Amino acid sequence: QVQLVESGGGLLQAGGSLRLSCAVSGRTFSRSAMGWFRQAPGKEREIVAAISWSGAWIYYGEFVKGRFSISRDNAKNTVNLQMNSLKPEDTAVYYCAAATGVLQSIVARDYNYWGQGTQVTVSS
């Protein structure tokens with residue numbers, strides 16, 4: 001069984017920074033693509049960032065535009081999302097997800113384990 005627990009969300013003003021962390025239990029972490037997705041009220045879930053097993057491949061959603069950075073530590077079973085220059089439109093619930101046995105993917109249906117989500121609220 002794989003479990004994902006996110007932390008680091010919160011309320012902040014536009015222009016600020018947050019670091020989201022995801023702790024993953026289970027021995028398949030090192031063989032899983034990892035991703036961060038988000039969902040705002042009334043909107044569909046969208047990918048924020050994804051990273052391959054080794055970290056050699058990284059993908060960012062178009063809206064990121066150099067503001068966010070994803071990283072993983074396979075020894076500690078963690079994946080992080082550093083978010084800078086946050087905007088009100090970044091307000092959403094952010095989810096960590098694992099795609100076990102998948103090298104790399106930006107498609108939500110490939111991710112078979114999901115965290116409970118952490119709220120990020122950016123005020124103007």
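Keep in mind that this is a model prediction, so the values were computed, not measured.
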query: For the rings on Phe37 and Tyr111, is their centre-to-centre separation under 6.0 Å?
result: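 Between Tyr111 and Phe37, which both carry aromatic rings, the centre distance is below 6.0 Å.
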Which heavy-atom pair separates [X] from [Y] by the least distance, and what is that distance?
| X | Y | value |
| --- | --- | --- |
| Val48 | Leu81 | CG1-CD2, 3.9 Å |
| Met34 | Ala98 | SD-CB, 3.5 Å |
| Arg19 | Asn80 | NH2-ND2, 3.1 Å |
| Ser85 | Ser17 | N-OG, 4.3 Å |
| Ala50 | Ile47 | CB-CD1, 3.8 Å |
| Gly9 | Val120 | CA-CG2, 4.2 Å |

[Y] reachable from [X] in the ILVMFWY side-chain graph, under 4.5 Å edges:
| X | Y | result |
| --- | --- | --- |
| Trp36 | Val107 | no |
| Val64 | Leu86 | yes |
| Trp114 | Tyr59 | yes |
| Leu12 | Leu20 | yes |
| Val24 | Ile58 | yes |

- request: On the 0 to 90° scale, with breaks at 30° and 60°, tag the Phe68-Phe63 ring pair as parallel, tilted or perpendicular.
  value: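 Answer is perpendicular, since the angle exceeds 60°.
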Do [X] and [Y] have side chains that approach each other closer than 4.5 Å (heavy atoms only, starting at C-beta)?
| X | Y | answer |
| --- | --- | --- |
| Tyr94 | Met83 | yes |
| Gln82 | Ser71 | no |
| Cys96 | Val79 | yes |

task: Report yes or no: does Asn74 contribute a side-chain atom to a donor-acceptor pair with the main-chain N or O of Ser54 at less than 3.5 Å?
output: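 Side chain of Asn74 to backbone of Ser54, a donor-acceptor pair under 3.5 Å: no, none is there.
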- prompt: Is there a donor-acceptor pair under 3.5 Å between the side chain of Arg72 and the backbone N or O of Ala33?
  reply: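 No, Arg72 side chain to Ala33 backbone: no donor-acceptor pair under 3.5 Å.
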task: Apply side-chain contact (heavy atoms from CB on, under 4.5 Å) to Arg67 and Asp90, showing your working.
output: CA-CA 11 Å; Arg67 299 181 297 131; Asp90 293 317; 2.6 Å; yes
- prompt: Which residue pairs pass the salt bridge (charged side-chain N to carboxylate O under 4.0 Å, His left out) test when at least one of the two sits in residues 42-60, sequence neighbours left out?
  reply: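 As it turns out, the salt bridge (charged side-chain N to carboxylate O under 4.0 Å, His left out) pairs with a partner in residues 42-60, which skip direct neighbours, are Arg38-Glu46.
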query: How would you list all residue pairs meeting side chain to side chain donor-acceptor pair (under 3.5 Å) that involve residues 115-124, not counting sequence neighbours?
result: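 Qualifying pairs: Glu6-Gln116, Gln119-Thr121.
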Side-chain cluster (under 4.5 Å, hydrophobic types only) that Trp53 belongs to, other residues: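 Trp53 clusters with Leu103.
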query: Any side-chain donor-acceptor pair under 3.5 Å between Thr78 and Asp73?
result: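 There is no such pair between these side chains.
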- request: State the OH-OG1 distance between Tyr113 and Thr100, to the nearest 0.5 angstrom.
  value: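 One gets 5.5 Å once the value is rounded to the nearest 0.5 Å.
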